[in-house]
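For reference, the structure is listed below as structure tokens.
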Amino acid sequence: MVTVGRHAENTITIDGDAVSRCHARFEKRAEGWWVVDNNSTNGTFVNDERVSGALLRCGDRVNLGNTIFRSCCAECGRLIDETKYSTSPIDGLTKAYNRRYLIEQLDAALRRTEHPEHPLALVMFDLDHFKRINDSFGHMAGDQVLREVASLTQQHVRPGDVFARYGGEEFVLMLPGTDLQGAAALAETIRAAVAAHVVTFEEHTISLTISAGVAQADENTCVANDLIRPADERLYQAKCDGRNRVRS
């Protein structure tokens with residue numbers, strides 16, 4: 001199964017507000033490939049006809065938002081014509097980079113980084129009680145919260161840093177040339193800015209906080225996950241310690 005939408009965890013991520021978080025999926029059935037709409041806001045269209053699900057024939061045009069896919073035949077060995085779309089490195093909702101791009105940049109940075117002369121730190125943070133926001137105010141309010149938190153964070157991103165939406169309500173800042181102490185100080189600045197911010201959505205005002213974990217690469221850090229793992233563990237510790245705090 002191939003999933004398509006603006007959420008970072010989809011197989012294919014599409015930028016654009018016309019695309020839902022988990023817009024549609026391509027799935028293989030006995031009779032061939034189907035496209036199935038996931039109750040998207042703006043619908044899935046095959047040859048300009050809105051469908052809830054449809055068996056694809058060679059050459060069918062599948063429209064999701066402003067993106068067009070063209071179905072391929074079995075002889076092509078492909079589900080869709082890859083020349084008909086570009087997989088954006090940008091998360092459609094928040095305009096931050098997506099997780100795939102972060103991993104690529106982190107792996108590349110680790111290959112060229114010499115420790116400790118050229119430190120590399122990582123901040124991982126997520127929104128506290130985000131499910132409560134969605135349950136209380138709806139997913140559109142949750143989307144607005146994510147956009148505003150991303151915008152606040154972008155104000156503290158320097159040239160060369162990589163700010164990415166890691167998935168759901170979780171974000172990551174990759175900080176080349178920054179040590180653990182500097183990264184923790186930056187994380188605290190962002191934490192305080194989010195805590196002081198109030199999101200207004202329709203008639204609601206929504207207060208929010210974040211928790212953050214910080215880690216620095218060392219001689220044993222070889223690939224992206226070697227740095228993500230300790231940052232995530234410290235994020236978990238921040239949650240356990242009561243949330244709305246930074247642990248490094």
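Note that these values count all heavy atoms, side chains included, but never hydrogens, waters or copies made by symmetry.
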- Rounded distance (nearest 0.5 Å) linking atom NE2 of His118 with atom OG1 of Thr178: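 Interatomic distance, His118 NE2 to Thr178 OG1, rounded to 0.5 Å: 13.0 Å.
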- Query: Distance from His129 atom NE2 to Ser207 atom OG, nearest 0.5 Å?
  - Reply: 12.5 Å
Do the side chains of [Y] and [X] get nearer than 4.5 Å, heavy atoms only?
X: Arg100; Y: Leu102; result: no
X: Leu146; Y: Glu169; result: yes
X: Ile206; Y: Val198; result: no
X: Leu208; Y: Val194; result: yes
X: Glu9; Y: Arg99; result: yes
X: Asn225; Y: Leu106; result: no
X: Ile14; Y: Phe69; result: yes
X: Ile210; Y: Arg191; result: yes

- Item | Phe171/Phe163 aromatic ring centres below 6.0 Å |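 Under 6.0 Å, so yes.
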- CA sep, side-chain torsions, deciding dist, call: Met124, Tyr166, side chain to side chain contact (heavy atoms under 4.5 Å, CB included): CA-CA 9 Å; Met124 176 172 280; Tyr166 193 70; 4.2 Å; yes
- Sequence neighbours left out, what passes salt bridge (Lys or Arg N to Asp or Glu O under 4.0 Å) with Asp135? Give chain and number order.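 With sequence neighbours excluded, Asp135 shows a salt bridge (Lys or Arg N to Asp or Glu O under 4.0 Å) to Lys131, given in chain and number order.
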- Report the residues that fulfil salt bridge (Lys or Arg N to Asp or Glu O under 4.0 Å) with Arg243, sequence neighbours left out, ordered by chain and then residue number. none
How about [X]: does its [atom1] atom have over 12 heavy atoms from other parts shown lying under 6.0 Å from it?
X: Gln181; atom1: CD; answer: no
X: Arg158; atom1: CZ; answer: yes
X: Tyr97; atom1: OH; answer: no
X: Glu49; atom1: CD; answer: no

- Arg165 side chain to Asn98 side chain, donor-acceptor N/O pair below 3.5 angstrom: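 There is no such pair between these side chains.
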- Salt-bridge contact Asp143-Arg21 (side-chain N to carboxylate O under 4.0 Å): yes
- Message: Tell me whether Asp128 is salt-bridged to Lys239, with the criterion being a basic N under 4.0 Å from an acidic carboxylate O.
- Response: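 So Asp128 pairs with Lys239 through a salt bridge.
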- Query: Are Leu152 and Gln155 close enough, and set up right, to give a side chain to side chain contact (heavy atoms under 4.5 Å, CB included), and what steps lead you there?
  - Reply: CA-CA 6 Å; Leu152 280 172; Gln155 297 173 26; 4.2 Å; yes
- Take Thr200 and Glu148, measure what side chain to side chain contact (heavy atoms under 4.5 Å, CB included) needs, and give me the verdict at the end. CA-CA 10 Å; Thr200 301; Glu148 293 196 24; over 6 Å; no
- Message: To check you understand the geometry: which heavy-atom pair defines the closest contact between Val123 and Ala187, and what is its length?
- Response: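 Minimum heavy-atom separation between Val123 and Ala187: CG1-CB, 3.8 Å.
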- Item | Minimum heavy-atom distance between Ala217 and Leu110, given as atom pair plus value |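 That closest heavy-atom pairing would be CB-CD2, 4.0 Å.
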- For a side chain to side chain contact (heavy atoms under 4.5 Å, CB included) with His23, tell me which candidate from Thr3, Ile12, Thr67, Asp37 qualifies. Asp37
Backbone N/O of [Y] and side chain of [X]: donor-acceptor pair under 3.5 Å:
X: Arg70; Y: Gly59; answer: yes
X: Arg25; Y: Val2; answer: no
X: Ser211; Y: Asn244; answer: yes
X: Thr94; Y: Ala96; answer: yes
X: Asn38; Y: Ser40; answer: no
X: Asp179; Y: Pro119; answer: no

Side chains of residues 228-238: which donor-acceptor partners sit under 3.5 Å, not counting sequence neighbours?
from: Arg234; atom 1: NH1; to: Val214; atom 2: O; distance (Å): 2.8
from: Gln237; atom 1: NE2; to: Asp241; atom 2: OD1; distance (Å): 2.8
from: Gln237; atom 1: NE2; to: Asp241; atom 2: OD2; distance (Å): 3.4

- How far apart are the C-alpha atoms of Val62 and Leu64, what are their side-chain angles, what is the distance that settles it, and do they pass the side chain to side chain contact (heavy atoms under 4.5 Å, CB included) test? CA-CA 7 Å; Val62 182; Leu64 290 78; 3.4 Å; yes
Do [X] and [Y] belong to the same hydrophobic cluster, where Ile, Leu, Val, Met, Phe, Trp and Tyr are linked whenever their side-chain heavy atoms lie under 4.5 Å apart, directly or via other members?
X: Leu56; Y: Val4; answer: yes
X: Val149; Y: Val172; answer: no
X: Ile103; Y: Leu175; answer: no
X: Val246; Y: Val157; answer: yes
X: Met174; Y: Leu180; answer: no

